[in-house]
Amino acid sequence: MSTPRGKMVNAFNPDSLAGLPAATQEAIRRRDRLLGPAYRLFYEEPVQVSRGLGTKLYDREGNEYLDAYNNVVPLGHCHPRVIEAVTRQMQTLCTHTRYIQDGILDYAEAMLPSFGGRIAAAGHMMFTCTGSEANDLAMRIARHVTGRRGIICTAEAYHGNSDLTASFSPSLGNRSPLGTWVRRIPAPDSYRHDPATLGRMMAAAVRAEAQELRRHGDGLAAFIADALFSSDGIFATPEVLRPVAEAVHAEGGLFVADEVQSGFARSGERFWGFQRHGIDPDIVTMGKPMGNGYPVAGIAIVADVLEGFGRDTRYFNTFGGNGVAMAAAQAVLDTIREEALIESVARVGAEITAGLRALAPRFEAIGDIRGAGLYIGVEMIRPDGSPDAAAAGRIVNGLRAARVLISATGPDSNVLKIRPPLVFSSADADRLLSTLETVLAATV
Ligand code: PMP
């Protein structure tokens, strides 16, 4: 079962509006009237947030929620260092990339070595405002350099909201058209397959799909994957992308590592998710956590790969790479490094995973616990082992009622998605685990 038309995992169902508190009903009606029908809200009872601080969110009545979901603020909500950097730069200058400015150069210089491989040896960075734009640009470049247009992604991938990126984002549902030049391969489902076979399985699928694309006259421009396979259900077996990258390169395509989810220390192991796979991508795309809430995103790319595109056309993005965006990004990078967040992600992530493993024997509905660092998936199953979306929904909403925020993911909507800010503490982990234990006991 893959995502039906327009459906989003953990979406609020408008049919249940009548059961909500009057003020929430009123706010949802107003939102629908003004914003229209394409947006989705989370939870059976949507949360009306009014402010955030660190790992906490607060609603209009001042109730506190533990945020175990938001990766857009890796340093926590309203981090003073980012606020200060953005404010100072906004008071000084905010303009675009057609002037020489130090901030963007300092940032690219600080970032490029982090990618290792060919990008660190001779690479460039380019800046956008969103992850969608970054993936869109990556594919324009890949198509230009290869002269082909085919794209291979994973079965339930999400890579963005532009026309091009939506065309290789199958998780948007079966009424959102995929490009005729798009092919899908299975995600590395370590729960249903022997992890030792996953890389070979995916590489074989890439070879088969690349052949199909050739037969149709499209050819393979690029393969793209999120190294933690977030919308595919969160899979974290290391090294599986290594044979895939080899197959992609043998077919003459580019390997695009989408680090919008898995980058910036999220895995607690390496700064970038692709590094857990021992690969050397041609293009790395990044976004979400990069500015701790300020919209900043971009790509890092092997210099040779960009050369022809740079010669034959040009790139300008009015807001991408503006001085304020760069100030936010620099503050985030410095803080992740200076506060050694990668280590605390590893430690707190291990605490959560160990706590979940301790709970699992008491709850048969927990089929699998997986992930890396502070990106953890808990797969809920029925007694026969089939996916249990209803159980996942009850748990997500039970936690929300207890003011702990997570969500769910996967093609069957049955995988709890725990993805807190990187600054999540041991005390936060304890609160998440003890609340989850209570909710599990009451619901499954
Ligand atoms: N790639 C991945 C893996 C994502 O998760 C997302 C956003 N959820 C995007 C790309 C698109 O990023 P944005 O919403 O900033 O356009």
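Counting starts at 1 for both ligands and their atoms, following the listed order.
Counting only heavy atoms of the protein, atom 4 (C) of ligand 1 lies nearest to Val260 CG1, 3.6 Å. The protein heavy-atom contact nearest to atom 5 (O) of ligand 1 is Gln261 NE2, 2.7 Å.
The pair Asp428-Arg431 does not count as a salt bridge, with every side-chain nitrogen at least 4.0 angstrom from each carboxylate oxygen. Between Glu379 and Arg192 there is a salt bridge, since at least one side-chain N of the basic residue sits less than 4.0 Å from a carboxylate O of the acidic one.
When atom types are taken as modelled, the side chain of Arg118 and the backbone of Asp280 share a donor-acceptor pair closer than 3.5 angstrom.
Some N or O of Asp258 is nearer than 3.5 Å to an N or O of ligand 1, by distance alone. Residue-to-ligand polar distances place Ser132 within reach of ligand 1: an N/O pair is separated by less than 3.5 Å. The distance criterion of under 3.5 Å between nitrogen or oxygen atoms is met by Lys288 with respect to ligand 1. At least one N or O atom of Gly131 sits closer than 3.5 Å to an N or O atom of ligand 1.
Within ligand 1, counting atoms from 1 as listed, the ones closer than 4.0 Å to a heavy atom of His159 are 1 (N), 10 (C). In the vicinity of Asn135, heavy-atom distances shorter than 4.0 Å reach the ligand 1 atoms 1 (N), 10 (C).
Aromatic ring orientation, Trp272 versus Phe274: parallel (interplanar angle below 30°, classes split at 30° and 60°).
Counting heavy atoms closer than 4.0 Å to ligand 1, residue Thr130 contributes atoms from both its backbone and its side chain. When heavy-atom distances to ligand 1 are checked against a 4.0 Å cut-off, Thr165 has no atom that comes that close, whether in backbone or side chain.
For Phe42 and Tyr69, the ring centers sit closer than 6.0 Å to each other. For Phe168 and Trp181, the ring centers are positioned 6.0 Å apart or more.
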*Evaluate the side chain to side chain donor-acceptor pair (under 3.5 Å) criterion for residues Thr55 and Asp67: first the C-alpha distance (whole Å), next the side-chain angles of each, then the deciding distance (0.1 Å), finally the verdict.*
CA-CA 5 Å; Thr55 56; Asp67 186 353; over 6 Å; no

